[in-house]
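I have placed the structure first, in the form of structure tokens, so that the comments after it can refer back to it.
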There are 4 protein chains.
Amino acid sequence: MSKTIAKRKAGRPRSQASRASILNAVWELLKTQTLKDLSIEAIARESKVGKATIYRWWSSKESLAMDAFVEHVLPLTPFPENLSAYEAISMQMASLVNAFSGDYGSIVSQSIAAGQSEPDVLESYRERFLDERRTAAKAIIEKGIEEGEFDPDIDLELAVDILYGPIYFRLFVAHLPLDKQFAKGLPQRALKALLKD
Amino acid sequence: MSKTIAKRKAGRPRSQASRASILNAVWELLKTQTLKDLSIEAIARESKVGKATIYRWWSSKESLAMDAFVEHVLPLTPFPENLSAYEAISMQMASLVNAFSGDYGSIVSQSIAAGQSEPDVLESYRERFLDERRTAAKAIIEKGIEEGEFDPDIDLELAVDILYGPIYFRLFVAHLPLDKQFAKGLPQRALKALLKD
Amino acid sequence: MSKTIAKRKAGRPRSQASRASILNAVWELLKTQTLKDLSIEAIARESKVGKATIYRWWSSKESLAMDAFVEHVLPLTPFPENLSAYEAISMQMASLVNAFSGDYGSIVSQSIAAGQSEPDVLESYRERFLDERRTAAKAIIEKGIEEGEFDPDIDLELAVDILYGPIYFRLFVAHLPLDKQFAKGLPQRALKALLKD
Amino acid sequence: MSKTIAKRKAGRPRSQASRASILNAVWELLKTQTLKDLSIEAIARESKVGKATIYRWWSSKESLAMDAFVEHVLPLTPFPENLSAYEAISMQMASLVNAFSGDYGSIVSQSIAAGQSEPDVLESYRERFLDERRTAAKAIIEKGIEEGEFDPDIDLELAVDILYGPIYFRLFVAHLPLDKQFAKGLPQRALKALLKD
DNA sequence: CACTAAACGAGACGGTACGTCGAGTCTTGGA
DNA sequence: TCCAAGACTCGACGTACCGTCTCGTTTAGTG
């Protein structure tokens, strides 16, 4: 909506070719190196774009990485339908563990790592990924409560943290693997905390 | 044993004054800036030390930060004694939440963030902090099992992840605060997952 | 010709202000210190220029010194006209001795000294200074031959070496001064070698 | 004399093995690199000697190079005897040209180059090499005067400069080679300047 | 024959400068 | 007005040597 009524601007319009080329270069480069080691210089070189063009549209390589990330990996690990809340959560958690054990996990952990020194990167991560998923998770839990599976006194946010916290913990600290055993055992044990007494 | 017969080394011995001065400078500098923004140059300047001396003994600013960290904050958040396992864990978790809500938490999160691109920093964190604490936590849980409080089928590692994962989750992602309410609510809810049916 | 059709180049053009500032800083610094003790760092500092800008356009401080030198001292010690070859050479030699006894001599000797380990500096010295002067000297000697003053069997290059070699000898080795007595005595004695029997 | 009455000193005497090893290392290293590029560090490394030992006995790498030089190349290019002064000088000049065209010339030119910024190196060169040779040359010229070959009004120092200056000129500036033709032509032409009218 | 005391190797120290990289900005000409 | 190209200032990188400084270890005399 707002885009269509965007004010008419004089001058040459933004080059979509450049935008795509930049995001693509970032994505390609992140396959072979750390976000930390990625340089604006290299992105410009790789995408045949002037550095100024990058600076004109992005404030940091982190937010640029975030855009590249969004462009490529949005649709992911939905909650299955037509199952009990317990089953649906179990299955979705397992598939998230699986997703985080590969490239996707590495990019998420690097983005959040970058966010430790750049608050807006972290905010961007939350707004563009996490919030949506947490909302979905909370809806499922509420459904479980309504259907009598879960304790009605649950603090929803806390419940989500207990379920997903362990996954992020292993993702960051890597003290133990995000393997099948974990994918199976975690829901079994963690969901106990949500059950009715 | 072997340490007492430590090999005689030729040459001028390492200056303990320099070592202390460097670690102290790192600690001071990290109070006002990000680990990412910390430069070896600045550390050398602040500690009145040659850059080469830093490079001689540390491989990166991250491992240096880790050493500074260890030097300053090792004795922290122990498990209280003479309490039931449930009580001891509850109290220790609360005090960890509290610790992570201040400077200590910021340094931990930055160190682990740095570890995302430097595996040995992460390893160092695990070896010098985490392992010791996890071992202590597992011991308490075992005690709880023996005393009939907790489910004897528990996977200890998984249990620890469920208890502490949510804390690290909020520490990293900062979607919700590490406040008193969380410090109180988390143990109550998460420990349910460990109880006997 | 080719210069006027110089290829159009993309990008920001070289800053003449920086170039001038650098060369000027070099010149000023060389007034108070040895070329050996001159550092790129100091030049950058003094001329308020990034080090990279210096490295972009010069390969070494020696070639930079040579450029600074050329910029400042090209027009020097011409051969007087309307005199006999003998007189013209005598006077020019005397004025060169005089020039070499001051700052000019010190810079020449240091540049050539630098050239002992950097062949292109030496080549630069020859191409941009010496060759032109030697050519002029040889022309005068030829004129002297034509006018019957000098021996027609003279090897011109050798003749020039005999006339000017002693000056450079004293300049480098400093075993004796480049004083008025030398300025007067050298032409008198050395030119005998060129005369007709 | 003075050496034999050298004051008795307590303590360990200077190690001749180290001295020899150092000088030898310098000599070897100078075969493959410039005096400018030679570092005390490298000499110590190569000669298996502590840096302090070098600094204890030499004030700079230049004076060290000079010592190494003296140790290896003192006996050189004497004046032949039983010849006329003209012949003796001619032959000695030719052999000097020849000597300077090889390694010997390169070391001399580098040492004198170093001397441009270190006056004592230059002085050392003069005292330990040049003076002796100039004295010998002046003696021969005087002999030539006595025997009626040369002009009795000659300034001896100036005469030596005229004879040898051209050799050093080519050695330093390298505008023309120190070849056989020069070795033959130079004495023929330059000695004319010394002859009786 | 132990005792001195300087010289020795090794190598850490505080520094300075190196030459390179990338940051973010600026200045062209062309689209 | 945007864009590519590329030069600009700035600051940090990690390295090489500088000359100095401890160390523990020789190695002659001397007492």
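Reminder, nothing fancy here: chain letters follow the sequence lines and each chain counts from 1.
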Check whether any side-chain heavy atom of D:Leu122 sits under 4.5 Å from a side-chain heavy atom of C:Phe172, and report yes or no. no
Classify every nucleotide of nucleotides 11-17 of chain F by which part a protein heavy atom approaches to under 4.0 Å, writing B for the base, S for the sugar-phosphate alone and - for neither, in 5'-to-3' order. -SBBB-S
Could you give all pairs that pass the ring pair (Phe, Tyr, Trp, His ring centres under 6.0 Å) test and reach residues 15-59 of chain B, with sequence neighbours left out? B:Trp27-B:His72
Euclidean distance, atom NZ of residue C:Lys48 to atom P of F:dT9 [Å, nearest integer]: 12 Å
How many whole angstroms separate atom CD1 of A:Ile54 from atom P of E:dA23? 9 Å
Sequence neighbours excluded, the answer for salt bridge (Lys or Arg N to Asp or Glu O under 4.0 Å) partners of A:Glu46 is none
Kindly write out the residues that satisfy side-chain hydrogen bond (donor to acceptor under 3.5 Å, both in side chains) with D:Arg126, not counting sequence neighbours, or none if the list is empty. none
Under the side-chain hydrogen bond (donor to acceptor under 3.5 Å, both in side chains) rule, collect the residues that match up with C:Thr53, sequence neighbours excluded. none
Looking at DNA chain F, which of residues 13-24 of chain D put a heavy atom within less than 4.0 Å of it? D:Pro13
Could you tell me whether B:Asp37 and B:Lys61 make a salt bridge, using a distance below 4.0 angstrom between a side-chain N and a carboxylate O? no
Does a nitrogen or oxygen in the side chain of C:Trp57 sit under 4.0 Å from OP1 or OP2 of F:dG6? no
Is a donor-acceptor pair below 3.5 Å formed from side chain B:Arg12 to base F:dC21, judging by atom type as modelled? yes
Under the side-chain hydrogen bond (donor to acceptor under 3.5 Å, both in side chains) test, which residues partner A:Ser39, sequence neighbours left out? none
C:Val49 side chain: which of E:dA6, F:dT9, F:dC3 is closest? F:dT9
Hey, which sits more toward the 5' end of DNA chain E by its nearest nucleotide, C:Gly11 or B:Ala44? B:Ala44
Integer-rounded Å distance: E:dC26 P and A:Arg56 CZ: 12 Å
Round to a whole Å and report the spacing from CH2 of D:Trp58 to C1' of F:dT20. 19 Å
Under the side-chain hydrogen bond (donor to acceptor under 3.5 Å, both in side chains) test, which residues partner D:Lys51, sequence neighbours left out? D:Glu41
Quickly work out the A:Gln33 CD to E:dC21 C1' distance and round it to whole Å. 14 Å
All salt bridge (Lys or Arg N to Asp or Glu O under 4.0 Å) counterparts of A:Glu127, not counting sequence neighbours: none
